[in-house]
There are 2 protein chains.
Amino acid sequence: MRSRTSARAQITDVAARARVSPATVSRVMNGHASVAADLVERVLSAADELGYRASPVARSLVLGRTQTIAVMVPDMANPSFQEVLRGITRAAAADGYRVLVADSQEDVTQEPGLAREARRHCDALVLCAPRMSDAELAALVPALAPVVLTHRGPTPGVPTSSADYRGGIAALLDHLAGLGHRRLVYLAGPPSSASHRRRLEGIAAHVADHPGLSVDVLPCGVGFEEGYAAGEAVRRSGATAALAFNDLVAMGLLSALHEAGVAVPEEVSVTGFDDIPFARWTTPPLTTAAVPHGDLGQEAWRRLRALLDGEEPPPDVLVHPEVQVRASTGPARAEGAA
Amino acid sequence: MRSRTSARAQITDVAARARVSPATVSRVMNGHASVAADLVERVLSAADELGYRASPVARSLVLGRTQTIAVMVPDMANPSFQEVLRGITRAAAADGYRVLVADSQEDVTQEPGLAREARRHCDALVLCAPRMSDAELAALVPALAPVVLTHRGPTPGVPTSSADYRGGIAALLDHLAGLGHRRLVYLAGPPSSASHRRRLEGIAAHVADHPGLSVDVLPCGVGFEEGYAAGEAVRRSGATAALAFNDLVAMGLLSALHEAGVAVPEEVSVTGFDDIPFARWTTPPLTTAAVPHGDLGQEAWRRLRALLDGEEPPPDVLVHPEVQVRASTGPARAEGAA
DNA sequence: TTGAAAGCGTTACCAC
DNA sequence: GTGGTAACGCTTTCAA
């Protein structure tokens with residue numbers, strides 16, 4: 001019944017139909033006060049009849065902002081990045097911002113280019129766990145502003161939302177030491193990971209403070225397979241407890257241990273890191289340092305929004321992971337027993 | 001040393017520096033032939049010195065396209081949607097397109113509005129597992145074109161990349177029947193899920209074809225908790241095998257069964273659906289119908305790209321899930337034994 | 001081959 | 001309060 005133009009209605013169409021100027025239509029559509037009530041009415045109904053919606057691209061051009069931010073992650077398949085991505089997306093959506101994803105696919109050499117490129121299309125950028133060096137990061141950041149960082153310690157001039165990996169691993173170590181463990185192994189993350197380096201620092205400090213405690217570092221990685229492959233080395237190490245770089249590695253290790261007939265936690269205790277949703281559902285359920293990634297994402301957004309609004313961003317947040325004690329850790333087996 | 005303007009260089013700046021017109025700069029930057037070699041040279045070096053990059057927004061306005069697509073998912077926390085999102089993102093990135101994510105947070109009422117909104121900012125849209133009714137979907141789709149669908153059966157005029165859930169559940173049923181199971185339960189997904197309804201059809205057809213086989217349908221859901229909560233009902237049902245709506249539900253169930261001291265698969269066999277990366281690492285590893293979500297995402301992109309290029313999209317793809325036999329399924333326990 | 005100028009669809013400044 | 005109109009930064013006819 002109603003007339004339909006094939007092309008989308010534009011502001012001039014609405015203006016013509018409402019017998020006002022485009023300027024007035026714009027004012028009405030954007031809720032600017034000071035438009036006579038009857039004109040508002042005419043414009044609104046004209047817009048409604050035409051199904052008019054302003055072109056976001058045209059608005060972006062004149063306004064100089066896109067209402068979109070970009071989020072760069074090293075790997076979209078990693079649950080912890082998925083959680084922060086989700087946290088950011090929801091928080092940003094609540095404020096009327098959209099998010100563009102950029103996946104660097106764990107390729108460090110791509111990061112700077114990808115970040116620049118993503119940033120050009122958006123109003124701001126969040127860098128999740130960038131793998132590039134501190135020097136590269138520092139050099140890049142000015143060109144990226146407004147920008148915030150997650151999963152990575154303080155960087156001058158960049159608001160940060162991160163976790164205390166150092167403290168988290170220390171808390172795990174405390175938990176294990178309390179259970180009588182003295183010989184431990186740490187299944188290391190990739191050297192390019194800043195959060196891995198923080199864990200290493202935490203371990204070193206803890207060992208220095210606790211004579212009689214030893215922690216061997218076993219090169220490992222970030223995924224199931226790598227944790228699984230480390231099973232043999234863990235057994236040979238003679239350690240009574242293993243700290244995995246993250247929950248994925250822990251799950252791989254759990255699997256290898258189970259297959260080898262090694263009882264967890266009776267013979268070997270295992271801890272993860274992150275507390276991804278799956279950690280609660282492993283067999284046995286995984287003791288891990290809980291990092292609220294969704295909250296980190298939300299906090300990252302708060303800082304970005306402040307930057308976008310020209311305000312002072314809240315101070316850096318460093319959430320302290322809390323040890324979630326579950327069934328994968330228990331008292332150390334008697335010395336000498338294997 | 002080098003001069004720096006605080007604002008970004010624009011096409012006119014490059015033109016001035018190279019002593020050519022903006023039109024020529026545009027032609028050079030876009031690789032249009034028919035520009036004298038020396039001018040190309042001058043423009044290129046001027047652009048380089050100024051660090052010039054064309055404004056994507058301005059280009060979008062004049063070109064009428066953004067080089068961006070939107071992907072709407074019901075829940076970013078669900079591994080299978082994460083996988084298709086990842087597949088789409090990578091495939092699109094390879095073709096120079098970016099992706100915007102829209103999370104409907106499992107709220108059906110939000111879907112139409114969110115889809116429209118997301119679409120307006122992009123050149124095209126992919127709808128992952130939309131929960132809205134067929135009628136709503138059919139009504140909405142014309143306003144969304146170009147659009148493709150995943151996780152959902154054929155819809156007139158919309159290229160689709162989906163899996164044969166009906167066949168997948170049938171294959172699982174075959175596997176279980178072959179192991180001697182006769183009394184089964186299906187832990188149902190949400191009624192609004194189209195793929196759940198396909199599974200139901202597959203079950204009905206299979207039961208009709210196999211007298212002596214019974215499958216009870218237990219209302220359940222999509223997540224760990226729901227699978228966990230169903231543990232009690234599964235035990236009481238007397239079934240020797242349980243088919244979970246997806247891997248998450250299966251993991252929850254596995255956990256409940258383990259806690260209750262029910263041996264899997266000796267007393268009860270359990271199957272999942274999707275074969276998310278975690279399925280390989282549960283205890284016992286989960287038998288499941290493998291859906292290559294990454295590939296589905298990639299195929300969705302191929303269709304979208306064809307649409308964007310004004311070409312005929314490839315025919316709908318319906319991948320056939322393959323049963324991944326792992327340790328969570330085994331021979332049915334003897335009749336009467338409980 | 002090159003340049004001038006007309007858009008692309010808005011918003012916002014400046015008059016009236 | 002309302003309406004012209006100049007941007008926003010680029011691409012692309014149309015002439016030369």
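Looking at heavy atoms from C-beta onward, Cys128(A) lies out of side-chain contact with Met72(A) at the 4.5 angstrom threshold. Gln82(B) is not listed as a side-chain neighbour of Met76(B), based on a closest heavy-atom distance of 4.5 Å or more. Residues Val99(B) and Val126(B) have side chains not in contact (no heavy-atom distance under 4.5 Å, counting atoms from C-beta outward). Residues Val147(B) and Arg119(B) form no side-chain contact, since every pair of their non-hydrogen atoms from C-beta on lies 4.5 Å or further apart. The closest side-chain heavy-atom distance from Pro292(B) to Val319(B) is below 4.5 Å.
Nucleotides of DNA chain C that come within less than 4.0 Å of any heavy atom of chain B span, from the 5' end to the 3' end, dT1(C) to dG9(C).
Atom-to-atom, CD of Glu41(A) to P of dT2(D) comes out at 14 Å; the value is rounded to the nearest Å. Nucleotide dG3(D) holds its P atom 16 Å from the NE2 atom of His32(A), rounded to whole Å. Rounded to a whole Å, the CG atom of Leu63(A) is 13 Å from the P atom of dC8(D).
Residues Arg53(B) and Glu117(A) are not paired through a salt bridge, judged by the lack of any N-O separation under 4.0 Å between the basic side chain and the carboxylate.
Residue order along DNA chain D, read from the 5' end via each residue's closest nucleotide, puts Ser21(A) first among Val62(A) and Ser21(A). When the nearest nucleotides of DNA chain C are assigned to Thr12(A) and Arg19(B) by heavy-atom distance, the more 5′-ward of the two goes with Arg19(B).
One end of the helix from dT1(C)-dA16(D) to dC16(C)-dG1(D) points its axis 40° away from the other end's axis, with each axis taken from 5 pairs and the angle rounded to 10°.
Pairs of residues two or more places apart, or lying in two chains, that qualify as salt bridge (charged side-chain N to carboxylate O under 4.0 Å, His left out) and include a residue from residues 78-94 of chain B are Asp75(A)-Arg86(B), Asp103(A)-Arg90(B). Among residues at least two apart or in separate chains, salt bridge (charged side-chain N to carboxylate O under 4.0 Å, His left out) pairs with a member in residues 305-318 of chain A are Asp95(A)-Arg305(A).
Applying the side chain to side chain donor-acceptor pair (under 3.5 Å) rule to Glu41(B) yields no partners; only residues at least two apart in sequence or on another chain are considered.
Within 4.0 Å of Arg65(A), counting heavy atoms only, lies no atom of the nucleic acid at all. Among the atoms of the strands shown, base atoms are found under 4.0 Å from some heavy atom of Ile11(B). Among the heavy atoms of the strands, none lies under 4.0 Å from Val57(A).
Listed by residue number, the members of residues 23-30 of chain B with any heavy atom below 4.0 angstrom from DNA chain C are Ala23(B), Thr24(B), Arg27(B).
The structure places CG of Leu127(B) at 8.0 Å from OG1 of Thr150(B), a figure rounded to the nearest 0.5 Å.
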From CA spacing to verdict: salt bridge (charged side-chain N to carboxylate O under 4.0 Å, His left out), Asp134(A), Arg152(A):
CA-CA 10 Å; Asp134(A) 286 345; Arg152(A) 188 149 170 171; 2.6 Å; yes
